[in-house]
K.L.:
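Attaching a single structure in structure tokens format; questions to follow.
One-based numbering, in listed order, for ligands and for the atoms of each.
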Amino acid sequence: MLWLPVEVALAPYWFTYFIFTFLMILATSWFIKLQRKVWIMEPIPGPKALPILGNALELRLDNKALFQRFMSYCDYGEVARVWIGPYPYVLLSGARAVEEVLRDSKILDKSPDYNFLHPWLGKGLLTSTGQKWHSRRKLLTPAFHFKILEDFMDIFNSQSFKMVQKLREKADGTQFDIFPYVTRCTLDVICESAMGTPINAQDETDSEYIKAIYKISELTQQRVGQAWQHPDLIYKLSGCAGKRDSQIKILHNFSLKTIRERRKKFEEKKAKVANGEVTEANGSTAENDLEYIGKKKNRLAFLDLLLEYSQDGQALTDEDIREEVDTFMFEGHDTTTSAINFSLYLLGLHPEIQVKVHEELDSIFGDSDRSVTSDDVRELKYLENCIKEALRIYPAVPIYGRENTKEIMLSNYRIPPGTAIYIINYRLHRDPEQFPNPDVYDPDRFLPENSKNRHPYAYIPFSAGPRNCIGQKFALMEEKVILSNILRQYRVKSCIPRNDLEVMGELILRPVAGNQIKLFPRTSSIE
Ligand code: HEM
């Protein structure tokens with residue numbers, strides 16, 4: 001080296017110094033930004049946090065304990081903060097603070113953990129932001145109009161009749177877990193409603209598609225709950241991404257195949273109508289056929305409605321439709337499963353309330369075993385209040401998150417941009433100021449005279465504001481039909497007392513040991 005000119009010999013060192021200095025500047029500016037955030041957020045009450053690590057060490061817990069720990073952080077106040085590593089999380093459990101966030105049309109972005117759903121759902125309605133979300137929401141809203149939802153009543157009825165039939169062998173008073181029965185039934189409902197294709201989850205427990213749905217939910221939940229799985233690179237290197245992608249391939253192939261088949265049928269039908277091939281001679285007029293393509297004659301799945309809306313100006317590709325159909329599959333089965341199970345659980349603990357539900361059902365259906373109609377659904381007022389009260393105590397979606405792009409003030413606290421803000425429904429719904437004796441199951445809380453003075457954001461199982469749940473009417477109709485059809489036949493007795501019931505938040509709220517019940521035919525008097 002000595003024979004080289006000195007500037008050449010030192011070049012590698014200069015390069016190293018340059019890189020080192022550059023990294024030092026980056027690290028210092030990152031640290032200054034972090035310190036600024038810490039300083040801004042210091043006044044918000046929350047657990048003591050370590051530098052850089054924050055509260056991460058106290059969050060190395062299983063799902064059940066992690067959920068409880070998050071709930072306990074809400075004891076710090078209706079606005080609380082916790083640090084997971086260098087990332088601040090703000091937890092909201094009071095109606096006033098929740099309203100400030102959910103009403104704000106500028107806080108519509110989802111918190112970063114929703115990114116874990118992108119490989120499966122792409123940027124569908126749940127996960128998209130900005131202009132894409134606006135135009136999709138506008139496009140999809142008519143598909144959830146009450147008149148259109150009435151067409152799904154047949155599916156709710158036929159699938160719940162099937163479940164009621166399957167439950168017959170269990171209705172002898174022995175204890176069993178009803179949770180998987182309800183899961184399979186709601187999977188059948190949403191698959192047929194979203195794609196128009198029965199998946200037969202209640203008959204075929206071996207279906208590749210159903211197994212992939214279970215697996216992907218499990219893998220996503222694991223990733224949300226375990227901080228080490230968050231960085232994409234680690235997720236890839238650990239082999240988890242590979243496992244996820246193989247399940248996603250099964251799910252995407254199934255949805256895309258269904259979409260292509262139905263698009264083909266849709267185009268063929270449209271061409272026939274355009275050519276006047278469909279005439280009165282073969283039993284229908286061209287106009288009637290347009291109604292088929294449109295809204296009236298046959299039941300259309302959400303996927304058909306998307307194909308139809310896609311004609312009116314905004315063309316949707318197969319991939320666009322897949323994102324939405326998969327989003328309905330994700331949002332539309334676990335949530336209703338949780339809600340139906342907790343309704344059954346609470347009714348099974350309160351025979352005096354269950355008797356009133358039975359009386360309401362008898363007054364509408366008598367001894368008939370006919371299907372539930374949409375008029376019946378409107379009449380089932382007491383059952384509706386039972387469902388609402390169950391969703392208050394055990395909200396199917398117990399936590400959901402947003403992220404602010406600009407600094408905001410929440411209950412006089414400054415929240416810097418880029419903060420994950422979580423709405424903790426599980427605690428919000430237990431505010432004793434809004435719900436006296438909050439742990440008591442009392443469906444009459446939802447009578448008009450008892451709810452008129454309640455804060456409008458005190459009870460929001462379906463979220464609220466512009467990004468509320470688009471499927472809430474569908475969900476309530478489905479729950480009412482399924483619960484009526486079960487309770488017209490059976491009495492339910494719950495086996496786990498309230499104080500012993502352990503719950504965990506795994507994307508949705510679920511009972512740790514399942515929903516252990518005893519079922520009796522209503523005609524028998526055995527206890
Ligand atoms: C008891 C049943 C249900 C509950 C408790 C529930 C609850 C919620 C909640 C809390 C949100 C807001 C989530 C967030 O901001 O991140 C949401 C969003 C959504 N839900 Fe539901 N949901 C239920 C059933 C359904 C069903 C059956 C469907 C579809 C058929 C559905 C489709 C959606 C979609 C697409 C969104 C995203 C809306 C948007 O961002 O514009 N949900 N749901």
K.L.:
Is it true that D375 and T373 share a donor-acceptor pair across their side chains at a distance under 3.5 Å?
P.N.:
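Per modelled atom types, T373 and D375 side chains form no pair under 3.5 Å.
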
K.L.:
May I ask you to check if ligand 1 and R467 share an N or O to N or O distance below 3.5 Å?
P.N.:
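Checking ligand 1 against R467, an N or O pair does fall under 3.5 Å apart.
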
K.L.:
What's the shortest distance from atom 29 (C) of ligand 1 to any protein heavy atom, and which residue and atom give it?
P.N.:
F328 CD2, 4.0 Å

K.L.:
Would you say the side-chain atoms of D320 and T317 include a donor-acceptor pair closer than 3.5 Å?
P.N.:
yes

K.L.:
Any donor-acceptor pair under 3.5 Å linking the side-chain atoms of N485 with those of N157?
P.N.:
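Judged by distance alone, the side chains do pair up.
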
K.L.:
If you look only at pairs with a residue in residues 193-203, which of them pass as a salt bridge (Lys or Arg N to Asp or Glu O under 4.0 Å), with sequence neighbours excluded?
P.N.:
K162-D203, K166-D203

K.L.:
Relative to the heavy atoms of Y114, which atoms of ligand 1 are at a distance of less than 4.0 Å?
P.N.:
14 (C), 16 (O)

K.L.:
At a 4.0 Å cut-off, with the gap strictly under it, does some heavy atom of N468 reach an atom of ligand 1?
P.N.:
yes

K.L.:
Between E478 and ligand 1, which residue portion shows a heavy-atom distance shorter than 4.0 Å: side chain, backbone, both, or neither?
P.N.:
neither

K.L.:
What atoms in ligand 1 come closer than 4.0 Å to a heavy atom of K110?
P.N.:
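Near K110, meaning under 4.0 Å from one of its heavy atoms, ligand 1 has 14 (C), 15 (O), 16 (O), 40 (O).
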
K.L.:
Whether the R322 and H252 side chains hold a donor-acceptor pair (N or O, under 3.5 Å, no angle test) is what I'd like checked.
P.N.:
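The criterion, which ignores hydrogens and geometry beyond distance, is satisfied for H252 and R322.
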
K.L.:
Heavy atoms only: which of F302, F474, Y422, Y400 is nearest to atom 13 (C) of ligand 1?
P.N.:
Y400

K.L.:
Does ligand 1 have an atom under 4.0 Å from some heavy atom of H333?
P.N.:
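Flag not set, H333 not near ligand 1.
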
K.L.:
Indicate whether the side chain of Q229 and that of Q222 have a donor and an acceptor atom separated by less than 3.5 Å.
P.N.:
no

K.L.:
Could you list the atoms of ligand 1 found under 4.0 angstrom from a heavy atom of L125?
P.N.:
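What qualifies from ligand 1 is 35 (C), 39 (C), 40 (O), 41 (O).
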
K.L.:
At a cut-off of 2.8 Å, what protein N/O/S atoms sit near atom 21 (Fe) of ligand 1?
P.N.:
C469 SG

K.L.:
Which of the numbered atoms in ligand 1 are under 4.0 angstrom from any heavy atom belonging to P461?
P.N.:
5 (C), 7 (C), 10 (C)

K.L.:
Suppose we call two aromatic rings close when their centres sit under 6.0 Å apart. Are F67 and Y426 close by that rule?
P.N.:
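Between F67 and Y426, the centre distance is under 6.0 Å.
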
K.L.:
Looking at Y309 versus F302, is the centre-to-centre ring distance below 6.0 Å?
P.N.:
no

K.L.:
Do R392 and F435 form a cation-pi contact, if we require the NZ or CZ to be under 6.0 Å from the six-membered ring centre and within 45 degrees of the ring's axis?
P.N.:
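Ring-cation test returns yes.
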
K.L.:
May I ask you to check if ligand 1 and E479 share an N or O to N or O distance below 3.5 Å?
P.N.:
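Such a contact does not occur with ligand 1.
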
K.L.:
Please list, in number order, the atoms of ligand 1 under 4.0 Å from a heavy atom of A396.
P.N.:
5 (C)

K.L.:
Is the shortest distance from a Lys or Arg side-chain nitrogen in E384 or K480 to a carboxylate oxygen in the other one below 4.0 Å?
P.N.:
yes

K.L.:
Short N/O distance, under 3.5 Å, between R137 and ligand 1?
P.N.:
yes

K.L.:
What are the atoms of ligand 1, with element, lying closer than 4.0 Å to any heavy atom of W133?
P.N.:
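Ligand 1 atoms under the 4.0 Å threshold to W133: 39 (C), 40 (O), 41 (O).
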
K.L.:
Hey, do the aromatic rings of F144 and F328 have their centres closer than 6.0 Å?
P.N.:
yes

K.L.:
Between T419 and P416, which heavy-atom pair has the shortest distance, and what is it?
P.N.:
OG1-O, 2.6 Å

K.L.:
Between F446 and Y459, is the ring centroid distance below 6.0 Å?
P.N.:
yes

